[in-house]
Colleague: 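This is the structure I have questions about; it appears just below.
Predicted model only: the values in this text are computed from it and were never measured. Hydrogens, waters and symmetry mates are skipped; everything else that's a heavy atom, side chains included, is used. FYI, the numbering just counts along the sequence from 1.
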Amino acid sequence: MVHSAFQAKLPSVPGDKTYQDLALLREDVRAEILDGELYVTPSSLPRHSKVQRGLASFLGRPFDDDDGRGGPGGWWILLEVDIQLGEHDVVRPDVLGYRRERLPDPWDTRPLSVVPDWICEVTSPSNARVDRVLKRSLYAKAGVGHYWIIDPHERVLEVLRLEGASWLEVGAYDHTSIARIEPFRAIELELSRLFPPE
């Protein structure tokens, strides 16, 4: 089965999709495999893109780009990279991060098979259920340490930390918040800067 806002017509047998099926798609098709099912999503709206770019920039500068020169460094902050979490689970998170000691050289590999330390999904009307239900469960099962969900319309960030096999809600922040949020507590994040002007 193919899940899509566009109702794409691709041959399928439910539950059997693997990364090889993604590799057959055109490079411009944004798709993921969740529990063996192929999910095709439309390209991002500008509101979604603004949040994604802003978050990668505000976290990337001190944790990735600086590499310890003025910021704490120690992370790779990446956008929309294919991650193989299992034979029938291949995701492409909006923004994700690895502690460098866990993944020293990610540059020429697709898909990456190391579970990220942190994932952030930016919801949209066509994918909110997938991010809040399917991926939330999948990321816990895979052992992702931290999961952020940002709703760009409501201008809210939800922060979850994996405790055992379950998510613990660490906090929820709106666009008025300035906070130190795990796993990036070394900096203050001014959430209003992530969203388009009201």
Side-chain angles (χ1 to χ4, degrees), residues 3-8 25-32 34 39-67 70-83 91-98 106 116-139 144-161 167 169-198:
H3 304 269
S4 170
F6 298 127
Q7 296 300 310
L25 300 175
R26 292 189 331 258
E27 293 242 349
D28 63 331
V29 175
R30 189 175 193 280
E32 301 176 295
L34 307 173
Y39 285 77
V40 179
T41 56
S43 59
S44 300
L45 291 170
R47 179 182 303 275
H48 182 284
S49 180
K50 161 82 170 136
V51 172
Q52 186 180 20
R53 185 205 58 79
L55 186 62
S57 175
F58 297 137
L59 294 179
R61 284 189 201 120
F63 288 95
D64 185 331
D65 299 338
D66 280 358
D67 192 22
W75 286 76
W76 302 126
I77 304 296
L78 306 171
L79 295 169
E80 295 192 12
V81 176
D82 288 341
I83 309 295
V91 296
R92 187 179 294 171
D94 290 311
V95 191
L96 62 147
Y98 287 98
D117 294 290
W118 166 79
I119 288 178
C120 179
E121 296 288 5
V122 181
T123 65
S124 64
S126 67
N127 76 351
R129 183 185 69 84
V130 170
D131 290 339
R132 292 184 181 280
V133 178
L134 297 177
K135 286 187 175 180
R136 180 178 169 140
S137 175
L138 178 61
Y139 293 161
V144 174
H146 301 270
Y147 184 32
W148 292 11
I149 303 169
I150 298 180
D151 184 328
H153 294 280
E154 295 297 323
R155 303 164 71 85
V156 169
L157 163 64
E158 298 169 66
V159 178
L160 306 169
R161 177 179 64 236
W167 290 115
E169 184 174 326
V170 174
Y173 306 88
D174 69 9
H175 67 281
T176 66
S177 301
I178 299 173
R180 294 181 182 272
I181 305 170
E182 61 180 65
F184 304 107
R185 297 181 68 82
I187 65 162
E188 284 189 337
L189 185 60
E190 187 178 350
L191 270 75
S192 64
R193 298 182 67 198
L194 296 179
F195 303 105
E198 288 189 276

Colleague: Taking salt bridge (charged side-chain N to carboxylate O under 4.0 Å, His left out) as the definition, give me every residue that meets it alongside Arg132, ordered by chain and number, with sequence neighbours left out.
Modeller: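 For Arg132 the salt bridge (charged side-chain N to carboxylate O under 4.0 Å, His left out) partners, ignoring immediate neighbours, are Asp151, Glu158.
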Colleague: If every non-hydrogen atom of Pro62 is compared with every non-hydrogen atom of Phe58, which pair is closest and at what distance?
Modeller: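 Residues Pro62 and Phe58, closest heavy atoms: CD-O, 3.1 Å.
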Colleague: Only counting residues at least two apart or in another chain, list the ones meeting side chain to side chain contact (heavy atoms under 4.5 Å, CB included) with Asp117.
Modeller: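 Residues passing side chain to side chain contact (heavy atoms under 4.5 Å, CB included) with Asp117: Trp75, Tyr98, Arg99, Arg102.
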Colleague: Who are the ring-ring contact (aromatic ring centres under 6.0 Å, His included) partners of Tyr147, not counting sequence neighbours?
Modeller: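 Residues passing ring-ring contact (aromatic ring centres under 6.0 Å, His included) with Tyr147: Tyr139, Trp167.
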Colleague: If the condition is side chain to side chain donor-acceptor pair (under 3.5 Å), which residues does Thr123 pass it with, not counting sequence neighbours?
Modeller: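 In terms of side chain to side chain donor-acceptor pair (under 3.5 Å), with neighbours along the sequence ignored, Thr123 is linked to no residue.
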Colleague: Specify the closest pair of heavy atoms between Ala186 and Arg180, including all atoms of both residues, with the distance to one decimal.
Modeller: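 Looks like O-NH1, 3.0 Å.
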Colleague: Taking side chain to side chain contact (heavy atoms under 4.5 Å, CB included) as the test, write out the residues that go with Glu32, two or more places apart.
Modeller: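 Partners of Glu32 by the side chain to side chain contact (heavy atoms under 4.5 Å, CB included) criterion, ordered by chain and then number, come out as Val91, Arg92, Lys135.
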Colleague: Arg161: which residues meet the salt bridge (charged side-chain N to carboxylate O under 4.0 Å, His left out) condition with it, sequence neighbours left out?
Modeller: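 Salt bridge (charged side-chain N to carboxylate O under 4.0 Å, His left out) check on Arg161 returns Glu163, Glu182.
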Colleague: According to side chain to side chain contact (heavy atoms under 4.5 Å, CB included), who are the partners of Arg53, at least two apart in sequence or on a separate chain?
Modeller: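 Side chain to side chain contact (heavy atoms under 4.5 Å, CB included) list for Arg53, sorted by chain: Lys50, Ser57.
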Colleague: With a 4.5 Å limit on heavy-atom distance, are the side chains of Leu189 and Phe184 in contact?
Modeller: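 With C-beta onward as the side chain, the pair stays apart.
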Colleague: Hey, does Leu59 have a side-chain heavy atom less than 4.5 Å from the side chain of Trp118?
Modeller: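 Yes - at least one pair of side-chain heavy atoms lies under 4.5 Å apart.
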Colleague: Return the CD to CD distance between Glu121 and Gln52, rounded to the nearest 0.5 Å.
Modeller: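 So the CD of Glu121 and the CD of Gln52 are separated by 9.0 Å.
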Colleague: Under the side chain to side chain donor-acceptor pair (under 3.5 Å) rule, collect the residues that match up with His153, sequence neighbours excluded.
Modeller: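 Side chain to side chain donor-acceptor pair (under 3.5 Å) check on His153 returns nothing, list empty.
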Colleague: Determine, step by step, whether Arg136 and Leu160 satisfy the side chain to side chain contact (heavy atoms under 4.5 Å, CB included) criterion, reporting the C-alpha distance in whole Å, the side-chain angles of both residues, the deciding distance to 0.1 Å, and the verdict.
Modeller: CA-CA 10 Å; Arg136 180 178 169 140; Leu160 306 169; 3.8 Å; yes
Colleague: Can you confirm whether Ser126 sits close enough to Pro42 that some side-chain heavy atom of one is under 4.5 Å from a side-chain heavy atom of the other?
Modeller: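 Counting from C-beta outward, Ser126 and Pro42 do come under 4.5 Å.
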Colleague: Kindly give the heavy-atom pair with the smallest separation between Pro196 and Arg155, and that separation in Å.
Modeller: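 Heavy atoms of Pro196 and Arg155 come nearest at O-NH1, 2.8 Å.
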Colleague: List in chain and number order the residues that pass side chain to side chain donor-acceptor pair (under 3.5 Å) with Glu188, two or more places apart in sequence or in another chain; answer none if no residue qualifies.
Modeller: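 Counting only residues at least two positions away or on another chain, Glu188 forms no side chain to side chain donor-acceptor pair (under 3.5 Å).
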Colleague: Can you check whether Val122's main-chain N or O pairs, donor with acceptor, with Asp94's side chain at less than 3.5 Å?
Modeller: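 It does hold such a pair.
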Colleague: Within this structure, what is the CZ-CD1 distance for the pair Arg61 and Ile187, rounded to the nearest 0.5 Å?
Modeller: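 Result: 10.0 Å between the selected atoms.
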Colleague: Residues two or more places apart in sequence or in another chain: which of them pass side chain to side chain contact (heavy atoms under 4.5 Å, CB included) with Ala172?
Modeller: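 With neighbours one apart ignored, the set is Glu169.
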Colleague: Please give me the minimum heavy-atom distance between Ile77 and Gly60, naming the atom from each residue.
Modeller: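 Looking at all heavy atoms of both residues, the shortest contact is CG1-CA, 4.0 Å.
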Colleague: Do Leu157 and Leu55 have side chains that get closer than 4.5 Å, going by heavy atoms?
Modeller: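 Counting from C-beta outward, Leu157 and Leu55 never come under 4.5 Å.
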Colleague: Measuring from atom CG of Leu191 to atom CD1 of Ile150, what distance do you get when rounded to the nearest 0.5 angstrom?
Modeller: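 Here the rounded value is 7.0 Å.
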Colleague: Just to verify, what does Ser137 make a side chain to side chain donor-acceptor pair (under 3.5 Å) with, not counting sequence neighbours?
Modeller: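 So Ser137 forms no side chain to side chain donor-acceptor pair (under 3.5 Å) with any residue.
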Colleague: Rounded to the nearest 0.5 Å, what separation is found between the CD1 atom of Ile119 and the CD1 atom of Ile149?
Modeller: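 Between Ile119 CD1 and Ile149 CD1, I get 11.0 Å after rounding to 0.5 Å.
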Colleague: Taking all atoms of both residues into account, what is the closest heavy-atom pair of Glu80 and Ser44, and its distance?
Modeller: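 Minimum heavy-atom separation between Glu80 and Ser44: OE2-OG, 4.5 Å.
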Colleague: Whether the side chain of Arg30 engages the backbone of Thr41 through a donor-acceptor N/O pair (distance < 3.5 Å, no angle test) should be reported.
Modeller: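 Not a single qualifying donor-acceptor pair exists.
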Colleague: In Å and rounded to the nearest 0.5 Å, what is the CG to CD1 distance from Leu96 to Ile83?
Modeller: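 It is 5.0 Å, given to the nearest 0.5 Å.
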Colleague: Ignoring hydrogens, what is the shortest heavy-atom contact between Phe195 and Pro152? Give both atom names and the distance.
Modeller: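 That would be CE2-CA, 3.9 Å.
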Colleague: Can you confirm whether Leu45 sits close enough to Ser124 that some side-chain heavy atom of one is under 4.5 Å from a side-chain heavy atom of the other?
Modeller: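 Leu45 vs Ser124: side chains apart.
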Colleague: Tell me, please, which residues at least two apart from Arg26 pass salt bridge (charged side-chain N to carboxylate O under 4.0 Å, His left out).
Modeller: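 Listed in chain order: Asp28.
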